[in-house]
Amino acid sequence: MIEPLFESKPDHTIMYLFAKKLGFADQLVGKKDGKQNIKVKNDEPDIEDITREFNRGTWTIGYTGQSPERLQAHMRNMHVFDVKTLRARGGKDAKTGYVLDGDYFGLPWPCYGNAALKHPGSPNLYDTSKHVMEGGGNFRANFGVERDGVSLLAEDGSHSKGADITTGYPEIDHVLLKKLGWWDELTEDEKKEAEGKNWKTDLSGGIQRVVMKDHGCHPFGNAKARALVWNFPDAVPLHREPLYSPRADLVAKYPTHDDVKVLWRLPTLFKSVQEKNKEIAKQFPLIMTSGRLVEYEGGGEEQRSNPWLAELQQDMFVEINPKTANDRGIRNGEYVWVKTPTGARLKVVAQVTERVGPDTVFLPFHFSGWWQGKDMLPFYPDGAAPIVRGEAVNTGTTYGYDRVTMMQETKTTVCQVERAA
Amino acid sequence: MARMKFLADAERCIECNGCVTACKQENEVPWGVNRRRVVTVNDGVPGERSISVACMHCSDAPCMAVCPVDCFYRTDEGVVLHDKDLCIGCGYCFYACPFGAPQFPQAGAFGLRGKMDKCTFCAGGPEKDNSKEEFAKYGSNRLAQGKLPACAEMCATKALLGGDGDVLADIFRTRVLKRGKGSEVWGWGTAYGKPDNPQAKPPQGAKS
């Protein structure tokens, strides 16, 4: 761990300063009616208080047991954790007396209940060979209990080790807890808080404690994994040709989705773009894919501004198969134009290699600073230009979004490559 | 006393150039001078392998043998260093070196090369340990600080190891036993002498 360099500030200080500027600093630190959840010192919110705050607010995902005191005890006693299993073998924190035995290092998510429950964290999400209080678990009952007359719950006998319920069961709320006859295991205070609630909204943590500790069950239920995602446009993944496809026959056979008028608030085109471009391969016959070089990261702005790293890749390039290059009169190391359906032209160096097939070219996405053959150096503020500049591959990529996640297609399209005269 | 060696494991190198960058940063090596580089053979075809190459600090170093001004010396840990105040930039060491280690930062009229520069195993030069003068001429002296070379310390896959040759050999032997292949230690025969029985087969084990 290092102190922030130069003018850098801790993340939470930056967030607090922004909140102050934008006028909701009090809400950020939970200040109301003379109370304040998160202490602030020199504009830095207290990191322990922040941890307690998100512990309080994340009951639904099991992010509640990681109290600052437990995490600090782990940091002070790293030596008691087994390097392979990550589990503490014995050990007692000298400062607080906290017993570390059985905890997984850093309390990996999910870590259920409040800190007093002492859930050890879960090194694996699904592991029925362990008790839930030893980090075991099963699939969550998150999609109801049945569909089309078929039970979605786990089959009989499939449960995490030591569970009192050996069949599938739904997520647990106050009604089920009473039906099971477990309600009276709550303390009087917990009962008050848990009445009318489920395991996610019972802020006392009582339902989670009783279900996990007393009965070895999982508060989120015990169900099957879902392979049929009925709420997605394709309940099982089907092949659909990309909007810009190198194969018109495959577009006919595996067409994309219909256009959507409102997808996450936005009109989003699918079939109309694909139809318009189904013959695109006549002009742009090569698949253009882009990706990472192991020594660079993201847009490469940091690497290309650092002399030790900039020196490693001094030219934006395209990997092109010897056959593809020879057919186009391109030699290794020459400048070429990579042209894409948007009308963009990228001037890059040809790297002739068998790493790519004859129908594909590869470009790294770590460059910027050139625009369609021109170095943009004069437009950078003095001293701000990276040492090495080149065409940004996204200048050439085309329209397209994932039907479910709305993730944009910025990695792949089709192109043509020509020798730069 | 440890005999310092480098070991490049071609089965592990992912050509990330972390070693090159670590070297450049640690020793503030100028643009164009490559004390260490990653060499890739069969680039882009099946069987592609990469190895990290620098001065190997040979047992019987050819550079020492050919230097007309005798500027090289060997430390008691087997590290081959040189004195830039004596070097006349003739380039003989460059021709003699089987690893292409010697670098010549300057180019000028009449083939003027300037003082030779090369990997020091992060052990500086003849000046006082960790002095300003030593850093300016040779870079960092990590050995004097009880540390190993920055390149090997930085290697993410531990393909490049640097340190006591006996310890490296033990680590490598364990790896070869476990994966059952890749027993050829690149460059060791050239740098540190050929094995007595070059035909000896590595022990056969299960592939990892």
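Each chain gets a letter, A, B and so on, in the order its sequence line appears, and its residues count up from 1. Because only heavy atoms are used, hydrogens play no part in the values below, and waters and symmetry mates are left out as well, while side chains stay in.
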Contacting region of A:Gln303 [heavy-atom separation from chain B under 4.5 Å]: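 Neither part; nothing is under 4.5 Å.
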A:Leu293 portion near chain B, given a 4.5 angstrom heavy-atom threshold: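 For A:Leu293, no heavy atom lies under 4.5 Å from chain B.
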Step through the shown structure and confirm whether more than 12 heavy atoms of other residues, nucleotides or ligands are within 6.0 Å of [atom1] on [X].
| X | atom1 | value |
| --- | --- | --- |
| B:Tyr92 | OH | no |
| A:Gln314 | CD | yes |
| B:Lys158 | NZ | yes |
| A:Glu354 | CD | no |
| B:Phe172 | CZ | yes |
| A:Arg331 | CZ | no |

Pairwise distance CD(A:Gln351) to CG(B:Asp43) - rounded to 0.5 angstrom: 6.5 Å
Flag side-chain contact, heavy atom, 4.5 Å: B:Gln25 against A:Asn306: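 Counting from C-beta outward, B:Gln25 and A:Asn306 never come under 4.5 Å.
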Segment of B:Glu48 engaging chain A (4.5 angstrom heavy-atom cut-off): side chain
Side chain / backbone / both / neither for B:Val20 at chain A, heavy atoms under 4.5 Å: side chain
Minimum-distance pair of heavy atoms, taken over all atoms of B:Val29 and A:Trp308: O-CZ3, 2.9 Å
